[in-house]
*Asks:* 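Have a look at the structure that comes next, please.
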There are 2 protein chains.
Amino acid sequence: MLTERQKMILKVIVNNYIQLAEPVGSRALSKHSDIGYSPATIRNEMADLEEMGFLEQPHTSAGRIPSHKGYRYYVDYLISPEETQISKENITDFQKVFTDQFIEMEQTLEQAASVLSKITNYTSIILGPEIYQTKLRHIQIVPLNEHNLVAILVTNTGKVQHKSITISDGGSAYEIEKIVNFLNEKLTGIPLYQLKSKLMQEINQEFQRNEQLYGQMMNITHHLFRDEHEYKENKLFLSGTTNILNQPEFSDVHTIKEILTLFEKSDDVIQLIKPSENGKTGIEVKIGTENTVEAASNCSVITATYEMEGNPIGTIGIFGPTRMDYKKMISILDFLSKDFNNFISRLYKG
Amino acid sequence: MLTERQKMILKVIVNNYIQLAEPVGSRALSKHSDIGYSPATIRNEMADLEEMGFLEQPHTSAGRIPSHKGYRYYVDYLISPEETQISKENITDFQKVFTDQFIEMEQTLEQAASVLSKITNYTSIILGPEIYQTKLRHIQIVPLNEHNLVAILVTNTGKVQHKSITISDGGSAYEIEKIVNFLNEKLTGIPLYQLKSKLMQEINQEFQRNEQLYGQMMNITHHLFRDEHEYKENKLFLSGTTNILNQPEFSDVHTIKEILTLFEKSDDVIQLIKPSENGKTGIEVKIGTENTVEAASNCSVITATYEMEGNPIGTIGIFGPTRMDYKKMISILDFLSKDFNNFISRLYKG
DNA sequence: TATTAGCACTCATCATCAACGAGTGCTAAT
DNA sequence: ATTAGCACTCGTTGATGATGAGTGCTAATA
């Protein structure tokens, strides 16, 4: 479709624009070492590239900048894998995060997000593990006072979730202990998303005769799952949200506000980094309007999935302007996701 | 020090500027219903007020704006308490947060911060309760796998704190149970900040003979308190951080960035809203450079403390431009902190 | 003596205008 | 097929002047 020369020109334009954020003109291209043609020749090619939709002109007397289509082509065809090499400093940065010193998943994710945003100077987004991959390890109920309990769930990933419960009649310590024992016996190893149905089922079987305990249990269950989405939604970790302020294209308060408020809406952020096709692994790049979120139409998102036992369970993403250093970002994400996979399998294989 | 007329003029200027964010001139003042003087008279007074440092002139041909000193005088002497009345809608907004439906302290604080920022259109900052007012209610240890444990602390405020621990030898379920029972027996009711010393003491007394358990306990204790500050630092809740983007005085990317990055540094934020004199309760207003934090030198912070059993345990603050609606903010904060005191005493008196 | 009308002066804002130059598209020469 | 040459476009920059809000001062007024 594109001639070799056109590819080369497009590539140089994108690289140039990514670095300097300024439209690049034929003269500058002609000077570039890889290109041995006069400005006039290049102008012709550029006109063709524009006609085909790969380039845009901010105004007549400016150079060209890549269009979304241009970036897309660049990412799909013009980045050679051997070019995408992560630097050694970055590698050691990540390795500090994934020490074998056990820290729980959530903390690790938070640290990874922080390092990622610092390295890239963009905003990093990490979507926590799908909750239905996690199983209940332990459940505990602690009475606070007459009418208030705290229920605590511990999962096999070391995540601790708790929930306050108010009941009219607190019940005796003995009763509570009995209930806790029962819950642990019956529910350990059950995936969180099945917890409620499994629990209801067990209650019905076990406590049919004992009305007192039955009511108690139903009450607790009810409160425990009052906000059921808590056990389904996976947590988001954002870092470096103010980094876009460093980008020259975001110098206008209105667009800044648009993006910063976008970051505050978890749903939109998740929408942004959710893999477009389910089950597809590997790096994905969404450029400009390919993002279904309005406010991000001048931004790009690069995502990678991470896995547990071969199944993708979460996503790591980098959010930045469409004029993003795709080469570098892809290599960093590629490395990080693989490193992260190792980390997970090392820790949670049991 | 100031004549009545000067006070009146200063007051009208501040009110005016707070509302419109534009320097106010003698002509506009003269038109104001409360003032029956000609522009010329007012000009003379304004010149005096400027000389005394209460007003500033952005440039020769502009009106005057209040200086920090002017705001200070306004806040200290020109706001009549009967004027500071909170609206009914705002009251019901808060009451929704403080339902008797038990939710734990942290969640309540988070919600309160959210409502506060929405009502005020400024940034709200809430500093969680001093940790040394909270006592241990329950401690639990859950083994995840051979080498990893999760320790869970529940406090009397319903706060659940957990910590992952890696040990070389996991120990038997029996041992763990024994340890847990021991810990609960000995540590329940102990203030968190005393936890470590108390624990060490008990370990020495109890396990001198049993070397196996002694090592185990010391190991756990060590990990539990590895980051001791976790039990000392009180948590911060920020909400509405992007609200400053609505203020016309923050239209420049550089200052925006300065403030947004300030919000990311907990230490600075705490510094910002910590009461200047310890033990002093009630509303406090810090204007402009009275804030010791550099980036906030064009901002004001209004804070109120909240109490538990008569002792101040935390702070609620509103962060905005020096051109802030002090009257309204003070009344809102006053109401909220009192409401919050009631809420706390209702819940945690036991 | 306190107030005010009058007036010259200051200065930010805005629109206009021309010079500049980076970059283009097209044509004709190579 | 490539390129030199050239007219043209258009954003940027800086100068200029008009406008007008607001001031400070002086002299008149109550």
Side-chain angles (χ1 to χ4, degrees), chain A residues 2-10 12-17 19-67 70 248-249 251-252 323, chain B residues 2-10 12-17 19-67 70 248-249 251-252 323:
Chain A
L2 290 190
T3 67
E4 282 309 312
R5 193 167 68 187
Q6 284 172 330
K7 284 184 196 174
M8 156 163 285
I9 289 174
L10 178 56
V12 176
I13 289 178
V14 174
N15 280 333
N16 227 296
Y17 185 65
Q19 271 220 295
L20 303 173
E22 260 160 32
V24 4
S26 56
R27 223 178 89 87
L29 281 174
S30 161
K31 274 191 208 146
H32 190 279
S33 56
D34 290 359
I35 301 185
Y37 299 96
S38 75
T41 313
I42 292 165
R43 275 204 289 282
N44 288 327
E45 294 286 32
M46 290 206 295
D48 289 350
L49 282 168
E50 183 174 1
E51 207 170 332
M52 287 187 278
F54 293 102
L55 297 178
E56 283 170 0
Q57 224 174 351
H59 55 85
T60 338
S61 70
R64 303 295 209 295
I65 63 174
S67 66
E249 47 263 74
S251 58
D252 153 57
R323 184 188 65 79
Chain B
L2 290 191
T3 67
E4 282 309 311
R5 192 166 68 186
Q6 286 173 329
K7 286 185 194 173
M8 158 163 284
I9 289 174
L10 178 56
V12 175
I13 289 178
V14 174
N15 280 332
N16 226 296
Y17 186 65
Q19 270 218 296
L20 302 174
E22 261 160 33
V24 3
S26 56
R27 221 177 91 86
L29 281 173
S30 161
K31 276 191 205 146
H32 190 280
S33 56
D34 289 1
I35 302 185
Y37 297 96
S38 76
T41 313
I42 292 165
R43 274 204 291 282
N44 287 328
E45 295 286 32
M46 290 206 295
D48 288 352
L49 283 168
E50 182 174 1
E51 207 170 333
M52 288 187 275
F54 293 103
L55 296 179
E56 282 171 2
Q57 224 173 350
H59 54 88
T60 339
S61 69
R64 302 298 208 294
I65 63 174
S67 66
E249 47 264 74
S251 57
D252 153 57
R323 184 189 64 79

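What you see is a predicted model, and the numbers here were worked out from it, not measured in a lab. A, B, ... follow the sequence lines: proteins, then strands. Residue 1 opens every chain.
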*Asks:* Once hydrogens and angles are ignored, does a donor-acceptor distance under 3.5 Å link the base of C:dG6 to the side chain of B:R43?
*Replies:*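 Flag set: donor-acceptor pair detected.
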*Asks:* Checking all strands, does A:S61 fall into the base, sugar-phosphate, or nothing category for heavy-atom contacts under 4.0 angstrom?
*Replies:* base
*Asks:* Which whole-number value in Å describes the distance from B:R27 CZ to C:dA5 P?
*Replies:* 12 Å
*Asks:* Among the candidates D:dC25, C:dC11, D:dT3, find the nucleotide nearest to the side-chain atoms of A:S38.
*Replies:* D:dT3
*Asks:* Report yes if a side-chain nitrogen or oxygen of B:R64 is closer than 4.0 Å to either non-bridging phosphate oxygen (OP1 or OP2) of D:dG24; otherwise report no.
*Replies:* yes
*Asks:* In whole angstroms, how far is the C1' atom of D:dT3 from the NZ atom of A:K31?
*Replies:*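 Nearest whole value for this atom pair: 17 Å.
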*Asks:* Starting at CG of B:L29, measure out to CE of B:M46 and round the result to the nearest 0.5 Å.
*Replies:* 5.5 Å
*Asks:* Specify the separation, in whole Å, of atom CD of A:E22 and atom P of D:dG11.
*Replies:* 16 Å
*Asks:* Any idea which of C:dT4, D:dG24, C:dA22 is nearest the B:N44 side chain?
*Replies:*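 Out of C:dT4, D:dG24, C:dA22, the nucleotide with an atom closest to B:N44's side chain is C:dT4.
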*Asks:* From the options D:dT2, D:dT23, C:dC11, select the nucleotide whose nearest atom is closest to the side chain of B:Q57.
*Replies:*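 In terms of side-chain proximity for B:Q57, the closest of D:dT2, D:dT23, C:dC11 is D:dT23.
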*Asks:* Looking at the side chain of A:A40, which of D:dG11, D:dA4, D:dT2 is the nearest nucleotide?
*Replies:* D:dA4
*Asks:* Nearest of D:dG11, C:dA12, C:dT10 to any side-chain atom of B:T60?
*Replies:*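 So the nucleotide nearest the side chain must be C:dT10.
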*Asks:* When you get a sec, tell me which of D:dT3, C:dT24, D:dT9 is the closest nucleotide to the side chain of A:Y37?
*Replies:* D:dT3
*Asks:* Paired with C:dT1: which nucleotide, if any, by Watson-Crick or G-U wobble criteria at under 3.5 Å for both distances?
*Replies:* D:dA30
